[in-house]
Amino acid sequence: MKMPVPDSVVIARRREIVEALRAIVPGEGVIVDENELRAYECDGLTAYRQLPMVAVLPSTVEQVSQVLKTCKAMGVKVVPRGAGTSLSGGALPLADGVLLGMGKFKRILDIDYANRCVTVQPGVTNLGISNAVAHEGFYYAPDPSSQIACTIGGNIAENSGGVHCLKYGLTTNNVLGLEMVLMDGTVIRLGGKHLDAGGYDLMGIVTGSEGLLGVVTEVTVRILKKPATARAVLLGFPSSEQGGDCVAAIIAAGIIPGGMEMMDRPAIHAAEAFVHAGYPLDVEALLIVELDGPAAEVDHLIDRVEAIARDKGACYARVSKSEEERLAFWAGRKAAFPAVGRISPDYYCMDGTIPRKALPLVLQRMQEMSDRCGLRVANVFHAGDGNLHPLILYDANKPGELEAAEAFGNDILRLCVEVGGVLTGEHGVGVEKRDLMTDQFDEADLQQQQRLKCAFDPDGLLNPGKVFPTLHRCAELGRLHVHQGELRFPDIPRF
């Protein structure tokens with residue numbers, strides 16, 4: 001995976017850059033030792049590694065502002081980083097760049113039950129928000145599998161989802177306000193506790209922008225009251241295709257579960273051995289369908305879901321009888337990724353989204369690809385919204401297997417686009433899917449997206465090398481460059 005060629009002139013000025021950063025963030029806030037920098041050499045996509053030139057750990061908004069302003073003045077690239085759980089290489093450092101770690105921003109600033117919102121710093125974990133309001137019967141709906149570790153700032157960057165995003169939405173549907181620092185040090189606020197605001201939806205643009213537009217320093221999120229009743233049902237099928245048919249049939253019937261997840265046989269066995277959730281081991285596919293709301297409504301919907309499942313060939317059905325049992329059902333799903341690590345030395349976690357009706361076809365085609373390339377695949381995914389997370393199993397110690405896994409993953413993502421889907425659902429593009437963007441977008445689409453980046457970061461210093469397969473300078477995209485208040489060639493008429 002090629003990254004921008006390091007700027008030797010910037011690297012030669014490393015000492016000067018470090019001194020400038022230490023003047024802003026004193027003490028241990030600037031990291032230069034090679035061994036200490038190893039902690040930042042990669043994110044959750046561990047196949048790619050690169051030491052940053054220097055890491056800086058600010059603790060105030062003013063420090064973030066001064067760091068960015070200084071880096072802009074010195075022409076130094078900046079890579080923002082949260083908890084480093086990104087699975088697309090979004091936080092991969094640059095050899096000639098500053099790694100801006102936001103780990104010290106971990107305070108909950110305000111809990112407002114009357115307005116049903118919480119304001120936090122970006123280093124607060126996803127689960128930390130729900131834990132802070134649980135005693136009052138509230139929770140934060142988006143719940144990625146890494147919620148115990150991933151931070152809300154990273155969730156904003158990637159527009160994270162989770163098992164309950166089918167009914168309650170992704171991060172973008174649950175964020176009310178942001179404070180963000182631009183590359184020139186300007187601090188801006190978008191949204192707030194109010195329901196909506198006039199003008200362009202800049203908050204929607206920032207959510208999912210993968211650190212290319214600014215650095216988030218404060219987030220206000222919506223919290224929800226816990227439903228009166230929540231029950232989950234396990235549904236087993238003789239084939240993954242039948243499980244996929246059931247997913248489409250449930251949604252087509254007008255039923256929107258709180259969550260609807262699917263695992264295939266390898267994932268079922270790995271999760272059950274790891275968590276002992278009580279999963280059936282004699283089925284090829286397992287659906288976890290959760291219904292929530294008033295008790296009478298939940299009972300009615302469970303009966304309907306079971307009937308639909310039987311019609312689609314389900315050979316196993318089990319409804320949770322207690323809250324402990326419901327949580328056990330989900331514990332297996334939440335632990336599926338680490339559980340698969342028990343059956344393979346390495347795995348490559350993919351992320352693509354398809355129309356629900358294409359699930360049976362895509363699952364069949366993936367199995368055919370697996371047979372051809374000789375690499376196993378375990379499927380764990382958000383079935384309700386078509387967000388796939390196939391885990392390609394390989395051994396990095398065997399020559400060529402990583403490359404084969406990458407090629408297999410690329411074929412899966414191209415298949416997602418082929419059937420009318422997209423390259424990513426919640427993990428982002430990062431470096432992993434960067435060179436596949438031309439499979440989904442044409443040149444005009446990509447140039448227009450880059451023009452938007454130019455509006456926020458005209459020098460292209462924020463997280464370069466990510467998302468865009470070919471990076472154009474803003475001048476090449478028709479942006480006029482203004483230097484010290486003067487346009488170049490001011491005598492030329494412009495319209």
Evaluate the ring planes of H164 and W330, with Trp represented by its six-membered ring, and classify them as parallel (under 30°), tilted (30 to 60°) or perpendicular (over 60°).
tilted
Strictly distance-based, threshold 3.5 Å: is any side-chain N or O of D346 a donor or acceptor partner for the main-chain N or O of A396?
yes
Evaluate the side-chain proximity of P469 to L446: yes if any heavy-atom separation is below 4.5 Å, no if none is.
yes
Got P257 and I251 here, is their nearest side-chain heavy-atom distance under 4.5 Å?
yes
In Å, rounded to the nearest 0.5 Å, how long is the span from CG of L413 to CG of D351?
8.0 Å
Tell me whether N410 contacts the main-chain N or O of L436 through its side chain, where contact means a donor paired with an acceptor under 3.5 Å.
no
Walk me through it: do L388 and N379 pass the test side-chain contact (heavy atoms from CB on, under 4.5 Å)?
CA-CA 8 Å; L388 307 180; N379 279 294; 5.7 Å; no
Closest non-hydrogen atom pair between R81 and A39, with its separation
NH2-O, 3.6 Å
Is there side-chain contact between M263 and I288, with at least one heavy-atom pair below 4.5 Å?
yes
Any sub-3.5 Å donor-acceptor pair from T171's side-chain atoms to S160's backbone N or O?
yes
Take Q440 and D445 through the side-chain contact (heavy atoms from CB on, under 4.5 Å) test and state the conclusion after the steps.
CA-CA 9 Å; Q440 182 176 339; D445 295 332; over 6 Å; no
Salt-bridged, R434 to E210, with N to O below 4.0 Å?
no
Within the structure provided, determine whether E218 and L109 are in side-chain contact (heavy-atom separation under 4.5 Å).
yes
Between N463 and P80, is any pair of side-chain heavy atoms under 4.5 Å apart?
yes
Treating S320 as the side-chain partner and A232 as the backbone partner, does any N or O pair qualify as donor plus acceptor under 3.5 Å?
yes
Pair L45-L92, side-chain contact (heavy atoms from CB on, under 4.5 Å): steps then yes or no:
CA-CA 9 Å; L45 185 62; L92 183 68; over 6 Å; no
Taking all non-hydrogen atoms of both residues into account, name the closest pair between A328 and A277 and its distance.
O-CB, 3.2 Å
Carefully, step by step, assess K167 and E290 under the rule side-chain contact (heavy atoms from CB on, under 4.5 Å).
CA-CA 10 Å; K167 184 172 183 178; E290 181 169 291; over 6 Å; no
Please check if atom CD1 in I148 has more than 12 non-hydrogen atoms from other residues, nucleotides or ligands closer than 6.0 Å.
no
Evaluation steps, side chain to side chain donor-acceptor pair (under 3.5 Å), between D371 and Q367:
CA-CA 6 Å; D371 294 339; Q367 186 56 54; 3.0 Å; yes
Please test T207 against N159 for side chain to side chain donor-acceptor pair (under 3.5 Å), starting from the C-alpha separation and ending with a verdict.
CA-CA 6 Å; T207 306; N159 191 22; over 6 Å; no
N/O donor to acceptor pairs below 3.5 angstrom from side-chain atoms of residues 293-311, sequence neighbours left out:
{"unit_1": "D299", "atom_1": "OD1", "unit_2": "R231", "atom_2": "NH1", "d": "2.5"}
{"unit_1": "R304", "atom_1": "NH2", "unit_2": "A253", "atom_2": "O", "d": "3.2"}

Would you find more than 12 non-hydrogen atoms of other residues, nucleotides or ligands less than 6.0 Å from K104 atom NZ?
yes
Does this structure show an ion pair linking R414 with D439, if we count only N-O contacts that are shorter than 4.0 Å?
yes
For the atom pair CD1 (I392) and SG (C373), what is the distance rounded to the nearest 0.5 Å?
7.0 Å
Identify the heavy atoms of M262 and L363 that sit nearest to each other, and give their distance.
CE-CD1, 3.9 Å
Just by modelled atom types, is the A149 backbone N or O under 3.5 Å from a matching donor or acceptor in the S146 side chain?
no
Please tell me if the side chains of Q147 and Y140 come closer than 4.5 Å, counting only heavy atoms from C-beta onward.
no
State whether the side chain of E272 and the backbone N or O of I268 hold a donor-acceptor pair below 3.5 Å, judged by distance alone.
no
Which distance, rounded to the nearest 0.5 Å, do you find between the CG of D457 and the CG of L452?
11.0 Å
Heavy-atom closest pair, residues S65 and V181
CA-CG1, 3.7 Å
Any donor-acceptor pair under 3.5 Å from S370 side chain to L375 backbone:
yes
If only atom types and distance count, is the side chain of D143 paired as donor or acceptor with the main-chain N or O of V163 below 3.5 Å?
yes
What's the spacing between Y394 OH and L402 CG if we round to 0.5 Å?
4.5 Å
Any donor-acceptor pair under 3.5 Å from D43 side chain to G90 backbone
yes
Kindly say whether L212 contributes a backbone atom to a donor-acceptor pair with the side chain of S209 at under 3.5 angstrom?
no
Are D110 and K193 ion-paired here, with the side-chain N under 4.0 Å from a carboxylate O?
yes
Could you list all the ring pair (Phe, Tyr, Trp, His ring centres under 6.0 Å) pairs where at least one residue sits in residues 221-276, not counting sequence neighbours?
none
In Å and rounded to the nearest 0.5 Å, what is the NZ to CD1 distance from K453 to I205?
13.5 Å
OG1 (T172) and CG (D201) are apart, to the nearest 0.5 Å, by 7.0 Å
Show, in sequence, the C-alpha distance, side-chain angles and deciding distance for H389 and E261, and conclude whether the side chain to side chain donor-acceptor pair (under 3.5 Å) test is met.
CA-CA 11 Å; H389 292 315; E261 302 288 298; over 6 Å; no
Check the pair S239, E284 against side chain to side chain donor-acceptor pair (under 3.5 Å), reporting the backbone distance first and the verdict last.
CA-CA 5 Å; S239 72; E284 293 298 322; over 6 Å; no
If you take all heavy atoms of V467 and M437, which pair is closest and at what distance?
O-CG, 3.2 Å
Heavy-atom side-chain proximity of T151 to F105 below 4.5 angstrom
no
Heavy-atom check, side chain of K433 versus side chain of H427, under 4.5 Å:
yes
When every non-hydrogen atom of S344 is compared with those of L393, the smallest separation belongs to OG-CB, 3.5 Å
